[in-house]
K.L.:
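What follows is a structure written as structure tokens; I'll ask about it next.
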Amino acid sequence: MLLKLKEITKTYPGVIANDAVSLELNSGQILALLGENGAGKSTLMKILAGLTQPDQGTIEMQGVDVVIRSPNQSRQLGIGMVQQHFALFDGLSVLDNIALGLPKIARSELRERAMQLATTYGFQLDLDDAVFSLSAGEKQRIEIVRTLLSEPKILILDEPTSVLTPQEADQLFDAIRRLADRGHGIIFISHKLDEVARLCDSAVILRRGRVAGTCDPRGGAQSEMAAMMLGSQLPDRTQRGTRTLGPPQLVIHDAQSTQGDAAIKSLTLHAGEILGIAGVAGNGQDALFALLSGESSMTQERALKWLDQPVGGLDPNARRSQLGWAFVPEERLGHGAVPHLSLTENALLTNLADPTFASNRLIHWSHVTQTAESIATQFDVRHAGLHRQARSLSGGNLQKFVVGRELIKNPTLLIINQPTWGVDMGAARHIRDAINTLAESGGSVIVISQDLDELFELCDTLCVINHGTLSPPRLIDDWTLVELGLAMGGQITETIS
Amino acid sequence: MIRLIRRADVTAIHSLISIAVAAVLTLVISTIVLFLTAKAPVDALMQLLTYPYQGGTVIVQWSKALNMAAYLGVIGLGLSICYRANVWNIGAEGQFAMGGIGAFGTWLLLGSPTAWWAIPCLIMGGAFAGLLWASIPALLKTQANTNELLTSLMLVYVAAQTLFFVSNGPWQAPVRYSPSQTVFLPESVQLNAIIPGVPTFHMGLPIALGLFVVIALLVLYTPFGYRLKVTETTPRAARFAGYSPRVTVWAVFLLSGAMAGAMGAIYLMGDIGYVTEESNFLRGFGFSAIVVAFLGRLHPVGILLAALLLGYVAGGASWIQANLREDDSIAGFIEVIALMSTLASALFLQYRVQWRGFATQPQENR
């Protein structure tokens, strides 16, 4: 037994990030760690990397109890981590980058060892190339070689394929298999189920900080894994009444983004309808949002129709001002709001095409301030002054502000991505109630979310996004857990609907 | 061990602290360098700081500083607009040169008039020429995605060669003038001194101030200024707000090019009177203005102060060169030290320093 985590628990104010998580890793084993965003994967890895300490539980390495107090100690214990984001200096050569952060050894010796590792594991790497000229896959190989030089027993790869082309991913998998053959224990963090099924020989699924289950992913256990990520049963919907839907408003037919990263085959949205889009993270939710908001362009203007008018060619502001649409992106800071601008200034961000807010020459600050005040009171935004920077607010309060800014306009269509991600319970309640109120009054809503409880609470209809493609929507009561799992695992076929 | 903790909220107080830190750093380092290099360091430092009152005509000395500050301020403000939009125009020197050429060309096109109405026409001609010159990197960036840093800089050297060409070629003055220059603009088409006997304090200065104020108001209070604020740190939010990145690139390039071009025209009409080769026409305003833009933290008020500071220092440096035979390259040195100090102290704007040991446990980030 290489590594054994026993009952690891870690709490942050307001959340239990890891709740009695146990897992085991043998040498030569490739273990997948699966889970949605916020399931507790990163906290667990931070504990192993020595970046944070668990509140309870023990870590055992090769039969000995250890306490990992620092990243250095983690390395000395033989844990190597390849991060999702590279820490490389673009101006330096590959060899220089490898040398950084390693104890001092002679250049020639380092070169020899690096070359040896590269050939052993089948990495093509020219040590004298400048890093800026390399592809993401090559940069990742540098990180891996650098990590391997400290001779780790356990290698942790955090979503390593997110930046790779399929070919590069294949090469990476070959290397990972070779590493496992030589007795390394591998932890492969991912939410791509098909990759896990191809590569890993066991999988631990985390959900809301707990181990939701373990399984053998080989041989097409994608839907089983998806089901475990979702929870053991579909959320209870008895509290929710059925709504009567109005006439169709939004009709999408064969819409495709110009970059080809998002596609909707066919979708109809009625007045007063809340449509949910479920899916495992990283399956093109952002690209879909950009397609709907007009931030990315689509191939055919006619593909998107609003009240029978083709509107696919309109930019975000035209969609807001001419159609009355409103958008809330997933990323609060930097997309939905500008961190260093005040709340008042942020109230203007999505109202620029509205002449009561700004003309060509002047901004009507009194109106903007009034609006900011109304948003704050109506949506219970707790702030220390509207002149304070947006980034000074807590996540929940800023989200209420960003959602409030859109809902106060009473939009005809609200498109909202991850409405309550990283938000406390109270704020989440407030936001969901506001979405419901909008639908009651006849507005249409598209909710993109990875939180099934949320989707089942809010939505009338539901579809699933997988690899950028949307499944046909269905009434929410017509979905079964098995089918949802299949769809999210990418095994949907047209016959399901 | 020192830790840097990111501030949750940046206020005016933090700004003032970081500016004070920069000022002290600049003064200390410049003094050290002066003491290491100057023959009579105490005297040199003293005279550098107080040169308008060291025996020359006070108004003449001050007007030299103001004259330079006018060019640096307006061009720097234009550049700050680019930089805030993440567009790296470093070719203001070339846009300035083309402004001079454009103004002179306009005068020729109008049939070499001597009437006063030629003055505004020449300024507009200069602005238009600067705008055209700046439209080249804008076009290349928006159409071919070239790096505007390179294209705008390279065009400086093309503009410098154009100065050489016109002053030695088609517009070369008759032999009784000195070689490689055009004829002088007539007195009536020059921007005359406001105070008799102080030629550097000419009508171009109030015009520059007016231009500065108008553009500063545009940057501070209009929807265009808001666009810059959003684009500056969060291009993604800018697209979300409906701003087209392409339009932003065009707008900032054309505006900054026109401003540099207008100043080129004013320089032609107020300070020099004719077009000549690079070495006599260009004084590096376009490059120093880059320093001014960053020294002023890309904010109009800061840019105004930075321009005055660099104008004053340059005047002081030439004073100690003339009177104490000291090397006037100290001006360039102080310019660089001020920039470095400002950039370094910007750190304190975003972070606060914590000494580990007597501080509380650092907060964990999830």
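In what follows, chains carry the letters A, B, and so on, assigned in the order in which the sequence lines appear, proteins first and then strands, with residues in each chain numbered from 1.
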K.L.:
For chain B, which of A:I363, A:L393, A:L341, A:N346 has the most heavy-atom pairs under 4.5 Å?
P.N.:
A:I363
K.L.:
Counting heavy-atom pairs under 4.5 Å with chain A, which one of B:S244, B:G225, B:G242 comes out on top?
P.N.:
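If we count pairs closer than 4.5 Å to chain A, B:G242 comes out on top.
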K.L.:
Using non-hydrogen atoms and a 4.5 Å limit, figure out which bit of A:R319 sits close to chain B: side chain, backbone, both or neither.
P.N.:
neither
K.L.:
Which heavy atom of A:S359 sits nearest a heavy atom of B:P223, and at what distance?
P.N.:
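Minimum heavy-atom contact is O-CG, 3.2 Å.
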K.L.:
Assess whether atom CZ of B:F294 is packed by more than 12 heavy atoms of other residues, nucleotides or ligands within 6.0 Å.
P.N.:
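Correct, the count exceeds 12.
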K.L.:
Give the member of A:P329, A:A290, A:S42, A:P339 that has the highest number of heavy-atom pairs under 4.5 Å with chain B.
P.N.:
A:P329
K.L.:
First locate atom OG1 of B:T222, then atom CG of A:L362, and finally report the distance between them rounded to the nearest 0.5 Å.
P.N.:
8.0 Å
K.L.:
Test the A:R332-B:F240 pair against the cation-pi criterion, namely NZ or CZ under 6.0 angstrom from the six-membered ring centroid and within 45° of the ring axis.
P.N.:
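The answer is no, since A:R332 fails at least one limit relative to B:F240.
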K.L.:
What are the two closest heavy atoms between A:P316 and B:R239, and how far apart are they?
P.N.:
CG-O, 3.9 Å
K.L.:
Please determine, among A:T350, A:N351, A:L352, the option with the most heavy-atom pairs under 4.5 Å with chain B.
P.N.:
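Top count of heavy-atom pairs under 4.5 Å with chain B: A:L352.
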K.L.:
I'd like to know if the side chain of A:N317 and the backbone of B:A241 have a donor-acceptor N/O pair within less than 3.5 Å.
P.N.:
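A pair under 3.5 Å: yes.
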K.L.:
Does any backbone or side-chain atom of A:H335 lie under 4.5 Å from a heavy atom of chain B? Answer side chain, backbone, both or neither.
P.N.:
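Its backbone and side chain both get close to chain B.
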K.L.:
For the atom pair CD (A:E331) and OG1 (B:T234), what is the distance rounded to the nearest 0.5 Å?
P.N.:
11.0 Å
K.L.:
B:Y226 and A:L349: which non-hydrogen atoms are nearest, and at how many Å?
P.N.:
OH-N, 3.2 Å
K.L.:
Identify which part of A:F357 has an atom lying under 4.5 Å from any heavy atom of chain B, answering side chain, backbone, both or neither.
P.N.:
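When you check distances to chain B, no heavy atom of A:F357 falls under 4.5 Å.
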K.L.:
For the CD atom on A:Q259, are there more than 12 heavy atoms of other groups (residues, nucleotides or ligands in this structure) within a distance under 6.0 Å?
P.N.:
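Correct, the count exceeds 12.
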K.L.:
How close do B:R236 and A:E295 get, heavy atom to heavy atom, and via which atoms?
P.N.:
O-OE2, 4.3 Å
K.L.:
With rounding to the nearest 0.5 Å, note down the distance linking NZ in B:K229 to OG in A:S342.
P.N.:
7.0 Å
